[in-house]
Amino acid sequence: MNATAYNFAYLDEQTKRMIRRAILKAIAIPGYQVPFASREMPMPYGWGTGGVQVTAAILGPDDVLKVIDQGSDDTTNAISIRKFFAKTAGVATTTSTEQASVIQTRHRIPEAPLRAGQVLVYQVPIPEPLRFLEPRETETRRMHALGEYGLMHVKLYEDIARFGHIATSYAYPVKVNARYVMDPSPTPKFDNPKMDDCPALQLFGAGREKRIYAIPPHTKVVSLDFEDHPFSRYRFDAPCALCGADDSYLDEIVTDDRGSRMFVCSDTDYCEGRQAAGHRGTESAAPHKERVHG
Amino acid sequence: MTAMIELDNAQKTFTMHLQGGIELSVVRGVSFHVDAGECVVLAGPSGAGKSSILKMIYGNYRCDAGRIGIRHEGAVIELARAEPRQVLGVRRSTIGYVSQFLRAVPRVATIDVVAEPLIAKGVAREEARERAGRLLRRLNIPDRLWRLPPSTFSGGEQQRVNIAHGFVSDYPILLLDEPTASLDAANRAVVVELIEEKKRNGVAMVAIVHDDEIREAIADRIIDVTAFAAAV
Amino acid sequence: MAERLTGNDEPLLVAEGLAKNYGRLTACRDISFALYPGEVLAVVGESGSGKSTLLQLLSAQLSPSSGRVSYRMRDGVLRDLASLGEAERRFLFRTDWGFVHQDPAQGLRMAVSAGANVGERLMAVGWNHYGRIREAASNWLERVEIEVSRIDDAPRTYSGGMRQRLQIARNLVTEPRLVFMDEPTGGLDVSVQARLLDLLRNLVSELGLAAVIVTHDLAVARLLSHRVMVMKGGQVIETGLTDQVLDDPREPYTQLLVSSILPP
């Protein structure tokens, strides 16, 4: 297959213009889901077709692209998408949050603070936060239009009634710019506070559902809650086994079939950066070094 | 004396559409008045239209011609032409109706059935219950029954609950449709006593009673309804 | 003297010359009346008489072909429902109005707990304290005679009568001033009906609710309503005090209804 047969970043210019228009509208109405004519992409739905289309539409030759999947730069999905753009757009890629200008993500926001000029592109499976209780699209659209969000609290109420606390731990609904309630895609609620007043532009693409929405830089993003059950972040109560970080979101890794496990940063770039700076966890020696040298 | 009730040529006719539109004239030219503190007894054989007149005064039957003036909250209201909500207003504060049969809502305790007219008029629940209790006691309904719904009672007991329900409130007008029908002598005497008290309090009453003794005891005037019989 | 009574209390809902046509078919025509605070109006008639269409017109779910419906908002101003924006109309529906459907599944969220079903309207008007929402829901379950221990169960685990009572609680929690009811006892067993009617009757009088109840059951009308409108062929053919219309029916059709003889 000859990459030069493709237009820059795979999509044709007309499609990119269409998507950019949707993005501009989304930025103009923070949190509002803008319909767009989602294209077939050379990957299955659920693999980030929405995010890929948004990335393709905003990418320029000078951009530096980072792709993460659950915080990791080196899973199949992240590597495929990175290679896809390296090939079709010829852009530089990186695993460094700091150096990237565009970061496409599935289910995480990097630990390192984002800065102005960066764009975070989320892959979104189900963009409609009200879908849980209201299956009719006509009705959910009307509810958004009229700002009728009682239903969102019904979901949280059900959580507390059933589990004693708000058990929703990812895709935790937020209110954007004091207007639209938005599903932040299945990121852990640990990441919700990072969306608030973020200097970077945040774009959300749902390929199958054909929706794009956005949070412009420095927009107010508030996680919904009850006065007597306020929003709280959640992380495993442990330091990262590799870098010792006690403020990062952790993945649980089962290490044998006898119930042993360890907790490590889900953000691999953050973890490696800390280790390079000399931070050490309880198990930092073997597995990590192997990878560095490998 | 102030006329509390004033009927002037009142007329009642039923048109029976299901029986080929037969016109059934019940009464016509009904004219009489009842003053405060007076008890007027309607007399006449059954079928003469006594109950129909009572029901017209209560607004339960429509009055087809003539007028029925009721003194209500200091003014005279023309009941035959009044709006439904005005009639309801009259029933709420001016006219009480004691029928032969108790029409009570199932599951409601006797004490609350009796207290209900007071509560509807804004009397506090506790006070209303207390007044209801006093009356039930006078009518020889034992305390232990007060918490039960009257639907479980005997006919005579239900009748007495019904009387208590009708007499508990301070309506300036009372319509009594055979209030003593199935009562024993002792309870009949209580009812006569209650009617005497109402008179002393200036209540205007229209009654239908078949018992001659009671009629003599309570009637200030007797009106023979056959005079209003509609000759067809 | 007649004016004295009407004096300072003003109508809550006013229908003027209401009509609804579907092409050449007339579902409702020339209906006018005023409903006052605390007044319960029963609309009776057989299927196809236009009573359900009327209910939809009154509750702004349908727009009339001609005529209008006005409602006195909480600020005391009488407003034409057609002039309200959709947001205002929906807000009315969630706060100042209730709508009790014949089929509780239409008025409830069947997959959501009873507590959340009752609490939803409160959350919709900004209640943001879980404990207080739950307390209000518990109180209402008690008022409609549902065991509070069932608060976390979804209504699909409830019996028909319980579902209907839950639907009533869900509607009344915001203390509406006007409730529309469409055959509220329709699909229920007779014994369950009696209990529901008793409950409704008490709630309506305790809360001073105004209500428009559509029913084909004259016993429901007699027990719950102050006033009745008899409909036939899209028109109101007789109206008045409930006991007057039922005990002294004037129109041939009403006499038929009352004597329970089915029209030919």
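Note: hydrogens, waters and symmetry copies are ignored here, and every other heavy atom, side chains too, is used. All chains are named by letter (A, B, ...) in the order of the sequence lines, taking the proteins before the strands, and each is independently numbered beginning at 1.
Between Leu18(B) and Ser259(C) the shortest side-chain heavy-atom distance falls below 4.5 Å. The closest side-chain heavy-atom distance from Arg91(B) to Leu241(C) is below 4.5 Å.
In this structure, the portion of Asp64(B) lying under 4.5 Å from any heavy atom of chain C is its side chain and not its backbone. Heavy atoms of Phe14(B) lying under 4.5 Å from chain C belong exclusively to its side chain.
The pair Arg62(B)-Glu238(C) meets the salt-bridge criterion, since a charged nitrogen lies less than 4.0 angstrom from a carboxylate oxygen.
Atom CD of Glu147(C) sits in a sparse spot, with 12 or fewer heavy atoms from other residues, nucleotides or ligands closer than 6.0 Å. Lys198(B) NZ: more than 12 foreign heavy atoms inside a 6.0 Å radius. The environment of CZ in Arg74(C) is crowded: more than 12 heavy-atom neighbours from other residues, nucleotides or ligands sit within 6.0 Å. Atom CD of Glu145(C) sits in a crowded spot, with more than 12 heavy atoms from other residues, nucleotides or ligands closer than 6.0 Å. The number of heavy atoms from other shown groups lying within 6.0 Å of CD (Glu16(C)) is above 12.
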Side-chain donor-acceptor pairs of residues 44-55 of chain B under 3.5 Å, sequence neighbours excluded:
unit_1, atom_1, unit_2, atom_2, d
Lys50(B), NZ, Gly44(B), O, 2.8
Lys50(B), NZ, Pro45(B), O, 3.2
Ser51(B), OG, Asp177(B), OD2, 3.4

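The shortest heavy-atom contact between Asp243(C) and Gly59(B) is OD1-O, 4.3 Å.
Between chain B and the residues His226(C), Glu39(C), Arg195(C), the largest count of heavy-atom pairs under 4.5 Å involves Arg195(C).
Remark: Phe32(B) engages no residue in a ring-ring contact (aromatic ring centres under 6.0 Å, His included) (not counting sequence neighbours).
The backbone N or O of Thr254(C) sits nowhere less than 3.5 Å from a side-chain atom of His17(B) that would complete a donor-acceptor pair.
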Pair Asn60(B)-Asp248(C), side-chain contact (heavy atoms from CB on, under 4.5 Å): steps then yes or no: CA-CA 8 Å; Asn60(B) 177 224; Asp248(C) 183 13; over 6 Å; no
